[in-house]
Amino acid sequence: MTLIAILLPWLSFMLRGRILTGILCLILQVTLIGWIPAAIWACISLQNAREDRRTRKLIKAMKQNG
């Protein structure tokens, strides 16, 4: 998924269900200069999504264990 975020940042957003963000990223990516910021944005967003998922998992485990 990280490779997709670097090569096709807009697709990374689309695959994660963030359609409007993917379209905005595609518009940014169309310009050659915009490709690098779009790739960085997609990678950071992917990392944040992973951290959010990990945090939700920890909170759920803590609630179950009391």
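Positions are given from 1, in the same order as the sequence printed here.
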Shortest non-hydrogen pair, P9 vs A38, comes out as CB-O, 3.4 Å

So the ring pair (Phe, Tyr, Trp, His ring centres under 6.0 Å) pairs with at least one residue in residues 47-66 (sequence neighbours excluded) are none

Would you say F13 ends up clustered with L26 if hydrophobic residues are merged whenever their side chains have heavy atoms under 4.5 Å apart, either directly or through other cluster members?
no

- L20, CG atom: more than 12 neighbouring heavy atoms under 6.0 Å: no

Going by atom type alone, with no hydrogens or angles, which donor-acceptor pairs under 3.5 Å involve a side-chain atom of residues 39-52 and a protein atom two or more places apart or on another chain?
unit_1	atom_1	unit_2	atom_2	d
S45	OG	R16	NH1	3.3
S45	OG	R16	NH2	3.3
S45	OG	R18	NH1	3.3

Check: Just wondering, are more than 12 heavy atoms of other shown residues or ligands nearer than 6.0 Å to CD1 in I36?
Finding: no

I23 meets the side-chain contact (heavy atoms from CB on, under 4.5 Å) criterion, sequence neighbours left out, with M14, I19, I27

side-chain contact (heavy atoms from CB on, under 4.5 Å) filter on I59, not counting sequence neighbours, yields T55, K63

So ring pair (Phe, Tyr, Trp, His ring centres under 6.0 Å) across residues 17-39, not counting sequence neighbours, yields none

Taken in chain and number order and not counting sequence neighbours, the residues that satisfy side-chain contact (heavy atoms from CB on, under 4.5 Å) with L8 are W10, L11, Q29

